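Note on naming: letters A, B, ... go to the chains in the order of the sequence lines (proteins, then strands), and numbering restarts at 1 for each one. The structure displayed is predicted, hence computed values, not measured ones.
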Number of protein chains: 2
Amino acid sequence: MNHFPAKPHHHGALRAALIQAGIDILQSDGLQGLTLRKCAARAGVSHAAPAHHFDGLVGLKGAIAHHGLLLFRDAMLAASAGAADDLAQLKGICQGYLDFAAAQPALFRLMFGFEKHEHRKVSVELDGDLAYEVLREACAPFVRDDLPAPILEAQVWSLIHGYATLYLSGNFLRELHALPQQQAFEQVMAALDRMVTR
Amino acid sequence: MNHFPAKPHHHGALRAALIQAGIDILQSDGLQGLTLRKCAARAGVSHAAPAHHFDGLVGLKGAIAHHGLLLFRDAMLAASAGAADDLAQLKGICQGYLDFAAAQPALFRLMFGFEKHEHRKVSVELDGDLAYEVLREACAPFVRDDLPAPILEAQVWSLIHGYATLYLSGNFLRELHALPQQQAFEQVMAALDRMVTR
DNA sequence: ATATCAAACTTGACACTGTCAATATCACAT
DNA sequence: ATGTGATATTGACAGTGTCAAGTTTGATAT
């Protein structure tokens, strides 16, 4: 029996190996350094092997982004676990958001750097809802009559996402870099209190 | 006389022509399509000519980003001109922010997509303060004792920047795309009122 | 056991990219 | 007029993504 593709062929799990190789390369060489041929070499296969598992470079990047969104979601869940109240949970998720972006900046840029048209062929995989579900749930307790869920979620997501990208790029918000990273983060996230309290 | 480099050589103003060619290419072919050789061809020079005016592709991108930040600043200024009060001015700037990102998405991505290490050689040119000065001034009236300027500015910038990037990428905030663009924007920007009023 | 066959992988080629070295050309000061 | 330095061209090189063709592999049917 065992009709599962456990080790169907030569390499076996080349698809997963290529995604992991891509994440490793992103970590060491940055987004610019991510290359089909380097991924193939790192996985120990020839340069054209990835074509049998992904639709070119865009397809590989889409799969990496999808896998990265899973890690991203787990990081946010872990950072918000054990929160005392709803607000602490929301802030914990934002903390996980920032920490993930800081720990894996190139993967983060890949995940959120897609253009509209690049997105089409991997629309199923690159589903933003995947990672944002946890953020959405954390926003739910604060929904009010005059603040519907999509608006509140957009406000919170925009704040944390904008802060993560601007602060981590290093080119902007330079006055904030005088403060310790954690302190700056907490002061900016104080805007959440004002957004959320009626 | 005339020691100004009005038309010093073969092409004359190749540097400016290359920057303009780059902006045109960004508009038509996207960030991925921006190429040293295409810029050179569009400016009518050979493929290696740009090397005499920019430090490689990174240098050209830095110069384009610098020029884009000037356009960006002007767009924000124009959008906020004639505002009735301080809050309307701040919202006008945010409107200009979003409109610019929507009108020139590839240029916007280039301006804000730089990594830390790519930034070094063009640090003088790619000065984020350049464009953010107008946003900073619009924030000034709302500074309070318990809300120092750098924190308030970071909150406002993060909100509008995060919204612009997330909304325009098309992969996220999908529920918001059901609303008309202007209406969605205004509802999200309502968070500014809460940030700013004491 | 043997033949068959499709999937997985390799090899080789192509056009395109950024970058460099060598060369040519022009403007201008002397 | 003569040289000098900035400006531009040409040619080459290593990498890149992608495609076409061939080769290996392993499962399945007979």
Using atom CD of Gln32(A) as one end and atom P of dT16(D) as the other, report the distance to the nearest whole Å. 11 Å
Centroid-to-centroid, Tyr97(B) to Tyr163(B), below 6.0 Å? no
Measuring from the side chain of Leu36(B) (C-beta onward, heavy atoms only), which nucleotide among dA8(C), dT19(C), dC19(D) has the closest atom? dT19(C)
Between P of dA8(C) and CZ of Arg15(A), the distance in whole Å: 11 Å
Under 3.5 Å side-chain donor-acceptor pair for Gln155(B) and Gln187(A): no
Classify the nucleic acid contact of His53(A) as base, sugar-phosphate or nothing, counting any heavy atom under 4.0 Å across all strands shown. sugar-phosphate
Test Leu98(B) against every option in Met189(B), Gln182(B), Gln181(B), His161(B) by the side-chain contact (heavy atoms from CB on, under 4.5 Å) rule and name the one that passes. Gln181(B)
Considering only dT17(C), dT11(C), dT9(D), which nucleotide approaches the side chain of Lys38(B) most closely? dT17(C)
Is any side-chain N or O of His52(A) under 3.5 Å from a base N or O of dA7(C), one able to act as donor and the other as acceptor? no
How many whole angstroms separate atom NZ of Lys61(A) from atom C1' of dT16(D)? 12 Å
Have a look at Thr35(A) and say if it touches a base, only the backbone sugar-phosphate, or nothing, with a 4.0 Å heavy-atom cut-off. sugar-phosphate
Is it true that Asp193(A) and Lys91(A) have a side-chain N and a carboxylate O under 4.0 angstrom from each other? yes
So, does the side chain of His47(A) form a donor-acceptor pair with the base of dG12(C) at under 3.5 Å? yes
Shortest side-chain distance from Leu57(A), nucleotide among dT9(D), dT18(D), dT10(C): dT18(D)
Answer with yes or no whether Arg37(A) presents, from its side chain, a donor or acceptor under 3.5 Å of a partner atom in the base of dG17(D). yes
